[in-house]
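Before any comments, here is the structure.
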Amino acid sequence: MINKAMGVVNLIHETDELEGLTSYRCPATVPFGARYRLIDFTLSSMVNSGIHKVAVFAHTKYRSLMDHLGSGRPWDLHTRQSGLFILPPASDSIQELSRGDLFHFYQHRDYFQRCKLEYVVVTRSQMVCNIDLDAVLDYHEQMNADVTVVCKQQADMLGGKTRKVELASDGRVVQMQDHFGNMDSSLHSMEIYVMKKDLLMDLVQTSLAQGQDHLVRHAILSRLDSLRIYGYLYEGFLGVVNTVESYYRTSMELLRPEVWRELFFQPGSVYTKTKDEPPTRYLEGAMTGNSLIANGCRIEGTVINSVLFRGVHVGKGAVIRNSIVMQNGTIGAGTRLDRVILDKESSVEADRDIRGAESMPFVSGKRKTI
Amino acid sequence: MGHKEMIAMLLAGGEGKRLGVLTKDLAKPAVHFGGKYRIIDFTLSNCMHSGIDTVGVLTQYQPLELNRYLGIGSPWGLDRSDGGMAVLPPYVKSKGGDWYKGTANAIYQNMGFIDRYEPEYVLVISGDHIYKMDYEKMLEHHKELGADVTIAGLEVELKEASRFGTMHIGENCRVTDFEEKPKHPVSNVVSMGVYIFSWKVLQKYLILDEGDRKSSHDFGKDIIPRMLEDDIRLHMYPFKGYWKDVGTIDSLWEAHMDLLGAEPQLDLGGDEWRIYSARHNRPAHYVSPEASISDSLVTEGCVVEGVVERSVLFHGVEVGAGSFIRESVIMPGAIIGEGVKLYRAIVGEGAVIEPGVVMGSPDSPDIAVVGSDEKISRSPKLQEVEQP
């Protein structure tokens, strides 16, 4: 796909039922999978598929996003021939925040017009998957489609919110939900859209002229008949991380070796901003089972069915079960956690007992002390 | 080209013969250490924390992997337009070229590089040692005492001293005598191979030494003794802390064991004086329900399904179910099959230990070594691999 398509990670009005996890950050930078942020998955899929020009539509609470993306180096998007462009609201941000994504495309139309690439791949940050977008583009050309949307057949979305889709036998999209309704279909849109850049720019102009603001809800949904819109079926692992429940249940899915082996390695590696943490230190008396553990942890207690991010300290006699502890969390000696999500830099004092439920894990905000 | 007060010259040409199969295709400074690092990371990180922004790295033996690893020095903050890192291999001049004949000759051949920065001081260090040290403090000491040369020294047990250059220390840390690897050491203060020279003085002695046909062109054997003869001001900088020459299989293994325990002799954690290395991109390590890990270091990308005790697992190591690993060092990407037993082993990068192999013994002090990319199959003869 080299020199054929550009990527857009569209963060405008992403579904956000992540509660405390997004108090100080946008959904795209929610930490996930022991060392990643949600946006790493779509960025890595893009670069692994040969897309080397990527725009990220920053919208709200994007300080953590700027910090995470930097010059784009972890994704090799910092080189002379390629580039990462962070596109924040362009003009009057107060007005722009209330508008839809089409307005954002319009505000940055110069960026798109300057770009010589033929296609655009528009994605969202919260579809956690490892996908070969080159294959999607091949399909798009083969079907002679105007727009291709990537779909996933899955009965249980683990609590994630999606737009459902219905396809005809030839793959053409016949119906697509405006929002999360209760359409009777187990086919979900992954919100990855491929189309020619010229078509996208045309949709932007005409829709805005008609007072419409949203790419999918307006520009695409109203053209199911007039445009050739096709669904590409993705077969790999998908997690839709936009609610607390789906954050938790998808994280627990990662503990299955067949899931992490696929998500982290196939078809390509997932890249993220690297830290220089030392290896994790296990002390005498540590017990661990069925867990994913990043570098820089210090483990003196028990960790079972859990995900530990970088630099987590687990005190003596502490027992962590079915939980997620983000970067630099400190768990005091003798404390018990079960079905808990602790955001970054949290600390739990000694001998506490905290429990949540599977559909409603206990979530503690960033830098809280319990 | 900006003027620099002090630049570093890092000797990284060591062949590391005594590390046997571990340095078959690898310069000694590039040997893996501590779960995710290479030996040279320690000196480079020391430079970075000490505020040294210009480092010449002298390479010679098997430089391919080392050069690739060093890149433009960005992991150590040395990707700079003014100064930064320069890899300095031997090169051909108009009147022919030469390999580096010794440590002093390596610096002699690069006097042109040093002169570009017009430094007052030159720090000469070696990429073979594991330690955390603030060279800036050593420079202060050098200036305070008005020294021409300062040699960092530390005290070891007398019986160990014969492996190093030993120093006799007079008043005010003045070095009165220096013996390189004495058979019967009298002093237990040894040189760490870390020198600060006032550049004018060093330059003069490098030129003198180059003209001496009998010289082996070595700092410890030739330059320092000659300076002492001439009554140059040599001082010792007393270093307190962990320092280890990891030039042998035994010392490499011991240094890894020093990283373990509740109060390790060398702590890789903490935010102060962090050691930097070229970045790896691997997911978190996975510990299976049956696994057990105790008193060990485990790095990202590992998959542990067996029992690991007092060991160091580098990135991407896999330990199969039913395996038992004790007091061992498993280098990057090595695969340990199911039901393997390893006691006091060093397994090289990318090696494969097939299921059921037993190496080493809980009763033997010997260290079993497997070279990089070697494959060990189950066979009674291979159950104990001799140290090369």
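Letters A, B, ... mirror the listed sequences (proteins, then strands); counts begin at 1. Atom set for the values below is all heavy atoms of this structure, side chains included, hydrogens, waters and symmetry mates excluded. Computed from a predicted structure; not experimentally measured.
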The interface call for Tyr271(A) against chain B, heavy-atom contacts under 4.5 Å, is both

Next on the checklist: Whether Lys36(B) and Glu277(A) form a salt bridge (side-chain N of Lys/Arg under 4.0 Å from carboxylate O of Asp/Glu) is what I want to check.
Outcome noted: no

Here the pair of heavy atoms bringing Asn295(A) nearest to Val298(B) is OD1-O, 4.0 Å

(request) Tell me, yes or no, whether the heavy-atom count around Arg336(A) atom CZ, taken from other residues, nucleotides or ligands under 6.0 Å, exceeds 12. (result) no

Honestly, the part of Phe314(B) sitting under 4.5 Å from a heavy atom of chain A is neither

Would Thr299(B) and Thr280(A) satisfy side chain to side chain contact (heavy atoms under 4.5 Å, CB included), going step by step from the backbone distance to the final call?
CA-CA 6 Å; Thr299(B) 313; Thr280(A) 279; over 6 Å; no

For atom NZ of Lys316(A), is the number of surrounding heavy atoms from other residues, nucleotides or ligands below 6.0 Å larger than 12? no

d(Tyr286(B) OH, Asn290(A) CG) to nearest 0.5 Å is 3.5 Å

Turns out that what part of Arg310(B) lies under 4.5 Å from chain A's heavy atoms comes down to neither

Among Arg298(A), Glu300(A), Arg35(A), the residue with the most heavy-atom pairs under 4.5 Å to chain B is Arg35(A)

Under 4.5 Å to a heavy atom of chain A? For Ser311(B) that would be neither

Neighbour count above 12 (heavy atom, 6.0 Å) for Met257(B) CE
yes

Okay, Arg256(A) and chain B: the region with an atom under 4.5 Å from a heavy atom over there is neither

So, the part of Val308(B) with a heavy atom under 4.5 Å from chain A: the answer is neither

Note: Val270(A) and Asn281(B) closest approach over all heavy atoms is O-ND2, 2.8 Å

Distance col, row Tyr282(A):OH vs Glu309(B):CD, nearest 0.5 angstrom, shows 14.0 Å

Residue from Pro289(B), Gly35(B), Ser294(B) scoring the most non-hydrogen pairs under 4.5 Å with chain A is Pro289(B)

Pairwise side-chain contact, Pro283(B) with Leu292(A), heavy-atom cut-off 4.5 Å (strictly under)
no

Whatever's closer than 4.5 Å to a heavy atom in chain B on Phe309(A) counts as neither

Distance col, row His285(B):NE2 vs Ser291(A):OG, nearest 0.5 angstrom, shows 8.5 Å

NZ (Lys275(A)) and CZ (Arg274(B)) are apart, to the nearest 0.5 Å, by 9.5 Å

Inspect the surroundings of CD in Glu258(A) and state if more than 12 heavy atoms from other residues, nucleotides or ligands are less than 6.0 Å away.
-> yes

query: So, Arg281(A) side chain and Gly269(B) main chain: donor-acceptor pair closer than 3.5 Å or not?
result: no

Does Tyr37(B) reach the side chain of Pro279(A), with side-chain heavy atoms less than 4.5 Å apart? yes

Cut-off 4.5 Å, heavy atoms of chain A, and the answer for Leu313(B) is neither

Taken to the nearest 0.5 Å, the spacing of Ile299(A) CD1 from Ile293(B) CD1 works out to 7.5 Å

Rounded to the nearest 0.5 Å, the CG atom of Leu283(A) sits from the OG atom of Ser296(B) at a distance of 9.5 Å

Could you check Arg261(A) against Val303(B) for side chain to side chain contact (heavy atoms under 4.5 Å, CB included), going step by step and ending with a plain yes or no? CA-CA 11 Å; Arg261(A) 277 187 201 275; Val303(B) 180; 4.1 Å; yes

Under 4.5 Å to a heavy atom of chain A? For His315(B) that would be neither

So, the part of Pro264(B) with a heavy atom under 4.5 Å from chain A: the answer is side chain

